[in-house]
Amino acid sequence: MSLPASLDLSAHLSAHKYFFVCTLTVAAWDTLVLSPRTWRLMKTQGWPALKLLFSFLRVFMPVEFTIVAVAFFDTQWSQATCQKFYLFEPICTAILLAATSAVHIIRIHAIYDKKRPVLYLMGGLYALQVIVTGIACAFYLSVPLREGQGCIAGPRYNWVGIYWIAPTLLYTASFGLALMRSLNSLKDKPLSPWKLMLRDGLNLYGAIWLVNMTNMLFWFITTPTDDQDTIKTIVTSMAAVLTTSMTLRIILSVRGTLEYGGSFALSSALTGSSRSTHVISTRSGLQTQLSMHNATHTYTLDHMHSKPEGEYDIDITSSVNETKGRLYEANPKETPLGVKVTVDQEVGYDDDTPFHAK
């Protein structure tokens with residue numbers, strides 16, 4: 001007794017279907033796990049470019065691959081219908097990759113302090129990617145499978161793999177530039193390799209580069225057994241999903257505002273709090289600002305790292321009383337009745353708390 005076509009699959013096609021199940025699992029898991037963080041991000045004020053791209057990717061990626069999965073697994077999906085549908089995945093994936101690459105351009109440009117050469121490099125690779133993926137989409141075909149085996153898009157020619165070369169070049173540049181920026185920051189603040197990787201999200205950039213390079217190996221090294229073999233495209237869906245997933249986490253790892261792509265993690269740690277330019281600082285990282293009525297008086301300890309904490313003797317009370325006396329002489333009717341003390345705490349990455357607590 002012969003098996004139905006939906007079960008009578010070649011080894012490569014069977015592996016392709018199992019791998020696509022893994023892809024759907026990753027997409028579903030990612031959508032579920034990031035839901036709380038997505039909600040918190042949506043409640044923040046403003047809609048900078050990174051937030052808009054995040055919202056788009058969060059919706060577009062699971063919708064695309066849910067539709068692709070229906071065509072891939074539905075045994076009632078005819079090859080005639082597939083002839084009208086097969087371009088859906090390459091076109092939508094090109095849009096998905098364009099959005100993720102835009103995130104990389106904005107973020108890399110931001111961590112290099114808006115330097116134009118970096119923007120020109122990344123922008124040039126982005127333009128190349130959009131053009132190449134758009135052209136390559138015209139050279140896909142519907143893999144001639146039997147009825148009930150699904151609908152899969154494949155390349156007409158081997159050179160169509162340039163569809164993935166272009167974004168891989170951009171992600172390689174992104175990973176390389178992010179790595180260089182992190183290594184250069186060690187001059188200002190030495191960190192262990194593990195903490196450096198987590199602080200700057202190098203694991204995210206590296207994962208994106210690795211999955212796209214793996215996909216390239218399948219495109220240009222593996223050899224199909226016949227025109228019904230889908231081995232070349234077996235990793236494409238997973239590459240798109242993981243690229244999107246890691247890019248979403250790059251956005252979420254930005255510390256502070258997302259305006260203009262955010263800032264480099266070390267930059268925000270070195271600049272400290274923006275609430276006041278005058279502070280009383282101690283070695284523990286506490287910054288204290290004394291505000292009285294319309295005047296703000298501040299006290300700073302220079303060379304605080306060069307002496308033990310016990311050598312500092314700060315007479316805040318006498319300074320405050322002196323200030324209150326001057327204010328009273330200037331305007332007796334509006335004498336401040338008290339002292340407002342604001343404490344800003346900048347917790348560095350060495351404390352394993354990557355947030356600015358107030």
Side-chain angles (χ1 to χ4, degrees), residues 23 26-27 30 34 47-65 89-112 114-137 140 160-181 200-216 219 233 235-254 258-262 264:
T23 300
V26 171
D30 187 69
L34 292 185
W47 284 90
L50 287 183
K51 185 176 177 180
L52 288 171
L53 287 167
F54 181 92
S55 303
F56 172 77
L57 292 171
R58 282 285 286 141
V59 175
F60 191 82
M61 184 269 285
V63 169
E64 174 192 347
F65 288 101
E89 183 178 3
I91 292 175
C92 287
T93 300
I95 296 172
L96 194 68
L97 293 175
T100 57
S101 296
V103 172
H104 285 250
I105 295 173
I106 294 171
R107 185 58 187 150
I108 295 298
H109 185 221
I111 67 175
Y112 274 88
K114 314 300 188 297
K115 292 182 178 178
R116 289 188 177 273
V118 174
L119 179 61
Y120 294 152
L121 172 62
M122 298 296 290
L125 291 174
Y126 185 73
L128 177 65
Q129 173 187 324
V130 172
I131 293 171
V132 167
T133 53
I135 294 174
C137 284
Y140 273 79
V160 179
I162 62 173
Y163 178 103
W164 287 97
I165 288 180
T168 301
L169 286 174
L170 188 145
Y171 300 136
T172 301
S174 177
F175 179 40
L177 289 171
L179 181 61
M180 288 174 56
R181 183 68 179 92
D200 297 336
L202 298 179
N203 54 323
L204 304 175
Y205 292 98
I208 292 172
W209 176 82
L210 181 61
V211 71
N212 281 275
M213 286 300 297
T214 302
N215 186 35
M216 293 293 299
W219 267 93
T233 59
V235 186
T236 55
S237 298
M238 180 65 83
V241 168
L242 288 180
T243 297
T244 304
S245 176
M246 297 299 108
T247 300
L248 292 175
R249 284 165 171 78
I250 288 175
I251 298 175
L252 291 173
S253 68
V254 176
L258 294 179
E259 294 287 345
Y260 306 108
F264 186 58

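In what follows, residues are counted from 1 in the order of the sequence shown.
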Taking all atoms of both residues into account, what is the closest heavy-atom pair of Arg181 and Tyr112, and its distance? N-OH, 3.4 Å
Could you grab the distance from atom CG of Leu242 to atom CG of Leu204, nearest 0.5 Å is fine? 11.5 Å
So which heavy atom on Leu50 is nearest to which on Gly261, and how close? CD1-CA, 3.7 Å
Tell me whether Tyr163 contacts the main-chain N or O of Ala94 through its side chain, where contact means a donor paired with an acceptor under 3.5 Å. yes
Does any non-hydrogen side-chain atom of Phe65 lie less than 4.5 Å from one of Cys92? no
Looking at Lys115, I'd like to know if its NZ atom is crowded, meaning that more than 12 non-hydrogen atoms belonging to other residues, nucleotides or ligands lie closer than 6.0 Å. no
Using 0.5 Å steps for rounding, measure from the CG atom of Leu248 to the OG1 atom of Thr243. 11.0 Å
Are the side chains of Ser174 and Arg107 in contact, using a 4.5 Å heavy-atom criterion? no
Approximate separation, where rounding is to 0.5 Å, of Ile251 CD1 and Thr100 OG1: 9.5 Å
Pairs involving residues 238-253, ordered by first then second residue, that meet salt bridge (Lys or Arg N to Asp or Glu O under 4.0 Å) (sequence neighbours left out): Asp30-Arg249
So, does Ser101 use its side chain to make a donor-acceptor pair with the main chain of Ala98 at under 3.5 Å? no
For residues Thr168 and Thr172, report the shortest heavy-atom separation together with the two atoms involved. O-OG1, 2.7 Å
Interatomic distance, Thr244 atom OG1 to Phe54 atom CZ [nearest 0.5 angstrom]: 11.5 Å
Tell me if the centroids of the rings in Tyr260 and His109 come within less than 6.0 Å of each other. no
Atom pair CD1/CG of Ile105 and Leu170 - distance to nearest 0.5 Å: 5.5 Å
Closest approach of Ile106 to Ala49 (non-hydrogen atoms, all atoms of both residues): CD1-CB, 3.8 Å
Would a 4.5 Å heavy-atom cut-off, applied to side chains only, mark Phe264 and Asp200 as touching? yes
Partners meeting side chain to side chain donor-acceptor pair (under 3.5 Å) with Thr93 (sequence neighbours left out): Glu64
Evaluate side-chain contact (heavy atoms from CB on, under 4.5 Å) for Trp219 paired with Thr233, printing each intermediate quantity in order. CA-CA 7 Å; Trp219 267 93; Thr233 59; 4.0 Å; yes
Does a side-chain heavy-atom distance below 4.5 Å link Ile208 with Ile250? yes
Taking it one step at a time, do Tyr205 and Leu179 satisfy side-chain contact (heavy atoms from CB on, under 4.5 Å)? CA-CA 9 Å; Tyr205 292 98; Leu179 181 61; over 6 Å; no
Could you tell me if the side chain of Val132 sits less than 4.5 Å from the side chain of Ile165, heavy atoms only? no
Of the non-hydrogen atoms in Pro167 and Leu97, which two are nearest, and what is the gap between them? CG-CD1, 4.1 Å
Are Ile95 and Phe56 close enough that some pair of their side-chain heavy atoms sits under 4.5 Å apart? yes
Side chains of Leu177 and Leu121: closer than 4.5 Å at any heavy-atom pair? yes
What are the two closest non-hydrogen atoms of Leu169 and Leu125, and how far apart are they? O-CD1, 4.0 Å
Looking at Val211, is its backbone amide N or carbonyl O close enough to the side chain of Asn215 to form a donor-acceptor pair, meaning the two atoms are under 3.5 Å apart? no
Tyr140 side chain reached by Ile91 side chain, heavy atoms, under 4.5 Å: no
